[in-house]
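First comes the structure, then the notes that go with it.
Read the numbers this way: they start at 1 and go in the same order the structure lists the ligands and their atoms.
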Amino acid sequence: MNEDDSQRLAQLYALKGYEISDNREDSDLVIINSCTVRQHAEDKAVSELGRLRKWKKAKQGRKIIFAGCAAQRLKKDLKKRFPFLDSVIGAKDYKDLFSRQDSKILSQYPQAKIFNSPISDYLTIMRGCSMKCSYCIVPAVRGPAVSSDFEEILNSAKNKVSTGIKELILLGQTVNCYKDREKNKTFTDLLKALSEIDGLERIKFMSPHPLFFTKDFFDLFSKEKKISRHIHLPVQSGCDKVLSAMKRGYKCADYLQIIEKLRKADDSVSISTDFIVGFPGETQKDFEETLKLAEKAKFSFAFCFKYSPRTDKPSDISDISDLQMSKRLSILLEKVKEISKKVFEGRIGKTEEVLAEKENYGKTSSGFNCAIIDSRKVKAGEKVQVKIEKTAGNKLYGKVLK
Ligand code: SF4
């Protein structure tokens with residue numbers, strides 16, 4: 001979502017006459033779009049800001065904007081700590097800022113596209129989050145969940161497709177709880193309407209929350225092949241006690257049942273996830289349950305993180321030492337690697353739908369990078385059926401089925 005926000009900021013400044021530059025020395029304005037989901041991300045953004053002091057001093061008229069979630073969290077102190085900062089745009093300001101944006105901006109200012117794929121683009125369909133996961137700062141910095149207007153989303157999607165976009169990645173903190181209350185439209189209604197757009201070949205979404213899967217969704221998913229067969233479904237822990245302390249609202253069995261339903265709808269589905277290790281109170285035995293869940297779920301990959309407290313409240317500080325967390329993290333990463341290797345190997349001999357991003361290279365509907373290894377040239381934007389022959393270095397290799 002931060003990448004999409006950065007792109008929208010770039011479009012907004014394109015309207016004011018700015019262009020994106022790779023070279024800071026040639027630039028008149030630097031915008032840092034920050035993240036605060038973990039302390040490390042926030043620290044990185046803030047230290048980058050500190051380093052810009054020299055850059056600003058070196059030439060008159062240079063400007064710095066600090067934006068995003070860390071900007072929202074630190075808003076009050078930032079100007080005091082960094083008096084050379086020109087402006088602060090918190091994540092909560094984005095909604096108003098972007099709602100003034102003409103949805104046709106992208107076609108008028110193609111130079112403002114910073115998401116580096118000629119055929120794929122993001123589409124934010126909701127902002128904020130109304131869940132209360134105990135480790136998460138997102139609801140505080142982005143506010144409660146607010147869904148965008150159904151028709152506006154469809155218009156944006158059509159505009160993007162008219163510029164050559166073939167794949168849309170729908171974004172939202174809990175994307176599948178999307179609801180346009182006024183028009184009584186659900187996430188499934190949106191997927192259905194999007195799948196009817198001519199020229200749009202693939203629809204991805206991230207990240208869904210296990211609590212918001214509906215029967216309607218599974219029914220549509222089983223028959224609408226434009227919906228990507230890769231689902232990133234954060235689980236966070238494989239231990240019911242920890243999930244309850246995290247206030248995630250589901251148990252491991254519920255999570256595994258969703259995966260089962262997705263795979264029943266289409267056995268080519270691949271599932272990836274997020275894990276947090278070292279949550280306060282997580283025992284070695286609890287952690288081992290996470291390893292077991294990873295085995296059962298057969299994830300194609302997982303983002304694994306050490307727990308990072310976002311407040312100074314004693315209850316938020318983990319009783320698990322950093323060393324212990326690091327040990328658990330490396331054990332989990334090793335386990336995920338082992339599982340993922342088997343998942344990749346399991347694709348050999350299977351037929352996968354590949355949407356090419358560039359010549360003879362693209363992603364399968366199930367989310368794997370795939371190189372096409374035959375003499376036929378498959379161009380960017382082409383969709384082909386590929387028989388997988390081998391796998392190496394997190395990539396599948398295959399030949400186009402004639
Ligand atoms: S659902 Fe996601 S964004 Fe919302 S509070 Fe939980 S972890 Fe944070």
If a pair satisfies side-chain hydrogen bond (donor to acceptor under 3.5 Å, both in side chains) and one of its residues is in residues 316-327, list it, with sequence neighbours excluded. Lys306-Asp322, Lys306-Ser326, Thr311-Asp316

Does Arg142 reach ligand 1, in the sense of a heavy atom lying below 4.0 Å from it? no

More than 12 heavy atoms from other groups under 6.0 Å of CE on Met206: no

Within the 2.8 Å cut-off the protein N, O or S neighbours of atom 8 (Fe) of ligand 1 are Cys136 SG

Lys92 atom NZ, neighbour heavy-atom count above 12 within 6.0 Å: yes

Flag the pair Phe212 / Phe217 as yes when their ring centroid distance falls below 6.0 Å, and as no otherwise. no

Compute the centroid of each ring, for Tyr13 and then for Tyr18, and state whether the two points are separated by less than 6.0 Å. yes

Ligand-residue contact atoms, ligand 1 with Thr174, heavy atoms, under 4.0 Å: 1 (S)

Cut-off 3.5 Å, side chains only: do Ser207 and His232 have a donor facing an acceptor? no

Atom indices of ligand 1, in the order listed, that fall short of 4.0 Å to a heavy atom of His209: 1 (S)

Would you say Val46 and Phe66 make side-chain contact, with heavy atoms under 4.5 Å? yes

